[in-house]
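What follows is a short report on a single structure.
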Amino acid sequence: MTRLFRPTLGLSLALACQSPATAQLAGDVFIHDPSTVVESGGKWFTFGTRGGGLVSEDGWTWANGPVRPGGGVAPDVVKIGDRYYVAWAVGGGGMSGGHASDVKIMWTKSLDPASPDFEYHEVGTVASSDGVENNDAIDPAFLYHDGRLWLSYGTYFGSIRLVELDPESGRRLEGNEPVDIAIDMEATALLYRDGWYYLLGTHGTCCDGPNSTYNIRVGRSRDVRGPYVDNMGIPLLKGGGKLVAAAQGRMIGAGHFGRIDLGGGIEKMSLHYEADMDRSGRSVLAIEPLLWRDGWPVAGRNLDPGTYEIQSARSGNALQLKVDFVRIPFDARASFMAGPDDPVKPVPGQSLSDVAGTWPKDAVRVDLSAYMVRPNQHWTITPVPEAGGWFGAPYYKITVAGTERALAATPADEVQAVPAFTGADAELWRIDQLTDGSYRITPKTRAGADLALVAIGASTPTLARFDPQSDAGRWRFVRP
Amino acid sequence: MKNGPTPWIVIAASMASLAAVAPAFARPAPGVPPLADFFEPATTAAAAPDADGFIRRWLLLEPVSKPNPTNTLFTGSYVRAALAPETFPGRFGAVPRDGQAAADGALRWHALDSKLWDVKLFNFAQALGKPKYGVIFWAVTVVDSPREMHDVRMAVGSNSASVWWLNGREAATLFDDRRMVMDDVLSDRLTLKKGRNILYGAVINGPGLSDFCLRFLDADGEPIRDLAIAVQ
């Protein structure tokens, strides 16, 4: 962070007002350098530069949260056992403090000030830069894996460094020396997955609103100490880095990655955009799907509103109203017997008006069948942000295209289409992109029981426990 | 092609004509596979489902004639009407006896154990010299459950469309021109009561290779095998 100037985020947060839910999150979302989003006591917390913090109960609607002590910049949080360790930096950043900085650690047993376990205990400084060396000890990031606690830190001013801490105390391991692991980065994060350590960090320029060129990059290594290389084999110590996330739509300057593993095959990433063009170009928290492709993290995407075939990954069949199949008028015999020189002409597809009159007026069950480009197989996905959301995505309604018939959960945990969308919880769905790029479709009413839309047969969908290892609960949204 | 509409019939007829003018390539008509290739008589001792949970013991009624040159008309509305319980040739819900006559004596029930995981209705009809195409098959069995089982699913596959009832209540419907695959359609969650549960099914076909498969799955999707299947 801190390349051009240090924004007065404390003031910004104090002035934060309710913003309309746009592409990303609802409520107060103004933050810079958000720490990894962590759950404590049923609420989710993130902390930013200068003590600003946000809190949410569902990952969608955020509010100004508790302010951590210590001030400084760009904290990170990790939970180990019953402790939440918080790392943050004081000094450095290239402005008034030059590049002399200290990374400090403190811990608490709760992040929620309302909890009796809420009490910060400062551990002390675990890494420093002296203002002369080619390093700026800010932007710390934790990785706790296999019983060992690692901390990366640093900015563009020299190298990104790695030290090892004692997970019991949060102190630096005695005798541990910093290791250089990257250059041309800041706001790093460390991950471990399937035998690889991943070092993510931000390239580009921060803190310049819609002109910030921030973008998130990654390299990986079999050893946490490196060498980290990108997809082209370029060492991160020589400036490599595979793109993970960049600007999109009205959101500019993606930076400060944090991984949120929600279980059930759902991973999301927290980040900030330097400028939300729909929110005065201010720096905001964002939560987006995190995918894994060929062993690399890739930014996913919330489902765009629109009309789709909803295809089961189990059978490839399409979700449809279970109504009588209506044939397209066609002279099959003439077609088969046609000569090569016979004139050709377009055959009209089947339209909603061709068939809607044959559909029952009341609720209709849904099933799965071969996709035939038919009106009962096309679903319009519409965000319903006023109903809330969950981790970066609003709830959606799923209606038969051109109608008000809405996909709904039944009290018996089956699935039907009711005649019209009423806004009832049974008609609201979470649509979360899974790490393989497919989607999980979860009814709002049964999310707490971990039920989702699942193909239990080649032709039968239901609401059942979601198994992240199975194609039964994976769906693809295909444009007609 | 087997269930295709009229043009394929035309083409098939053309190919048959070619065979007629080239007798050197004609093969002798094969013998009809006997019933014993696919079934054996059901015993009086109760049978368990097979290792995958498929129920192999059934009372099968010789096919009811229902001429249809194509399966493309098997919409839900058509199938519900064609296979309505009121059309059952007998008292719907009762368990017929092996050898019992139906439809004024024109048809007869057979208590059989399928040698395969599925029930080859086409071969059943063919072996008995009955119509194979344009037919409705009725199947009945008794599932004796050692305890009340909740959240059970009936998992069915059929060629072509079919309807299935458990203890007199419709449990699964398979519409349109279907091929038989395992776990094609699953019922809603249902309860197998302790003791006898009477299972009815009806399969309709035009020009297809009629068969079906059926098993019960537990709440975790695992096959239920601790059932006793009888036809008395």
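The sequence lines fix the lettering, A, B, ..., with proteins before strands; numbering per chain opens at 1.
Interface check for chain A: of the options B/V185, B/D188, B/T173, B/L174, the most heavy-atom pairs under 4.5 Å are formed by B/D188. Heavy-atom pairs under 4.5 Å with chain A peak, among B/D183, B/L217, B/D184, B/D220, at B/D184. Most heavy-atom pairs under 4.5 Å with chain B: of the set A/A455, A/A412, A/S459, this distinction falls to A/S459. Contact count versus chain A (heavy atoms, under 4.5 Å) is highest, among B/L186, B/T75, B/V181, for B/L186.
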Q) Given the rule in the side-chain contact (heavy atoms from CB on, under 4.5 Å) test, do B/V143 and B/L166 qualify, once you have shown the distances and angles that lead to the verdict? A) CA-CA 10 Å; B/V143 177; B/L166 183 69; 5.6 Å; no

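Within residues 147-158 of chain B, the residues approaching chain A closer than 4.5 Å by heavy atoms are, in numerical order, B/R153.
Both tests do not hold together for A/R430 against A/Y396: distance to the six-membered ring centre under 6.0 Å, angle to the ring axis within 45°. Relative to the ring axis of A/F391, A/K268 does not place its NZ or CZ within 45° and under 6.0 Å from the centre. Taking the ring centre of A/W475 as origin, the terminal cationic atom of A/R440 falls outside the region bounded by 6.0 Å and 45° from the ring axis.
Taking the side-chain contact (heavy atoms from CB on, under 4.5 Å) definition, one finds that A/D413 meets it with A/R446, A/L451, A/L463, B/R189, sequence neighbours left out. Judged as a side-chain contact (heavy atoms from CB on, under 4.5 Å), and not counting sequence neighbours, the contacts of A/D342 are A/A338. Every side-chain contact (heavy atoms from CB on, under 4.5 Å) that B/A202 has, sequence neighbours left out, goes to B/L83, B/W138, B/W165.
For A/R365, the part sitting under 4.5 Å from any heavy atom of chain B is the side chain, from C-beta outward, and nothing else. For B/D176, the part sitting under 4.5 Å from any heavy atom of chain A is the side chain, from C-beta outward, and nothing else.
Atom CG of A/N302 sits about 8.0 Å away from atom CG of A/D432, to the nearest 0.5 Å.
Side-chain rings of B/F175 and B/F74 stay apart, their centers remaining 6.0 Å or farther from each other.
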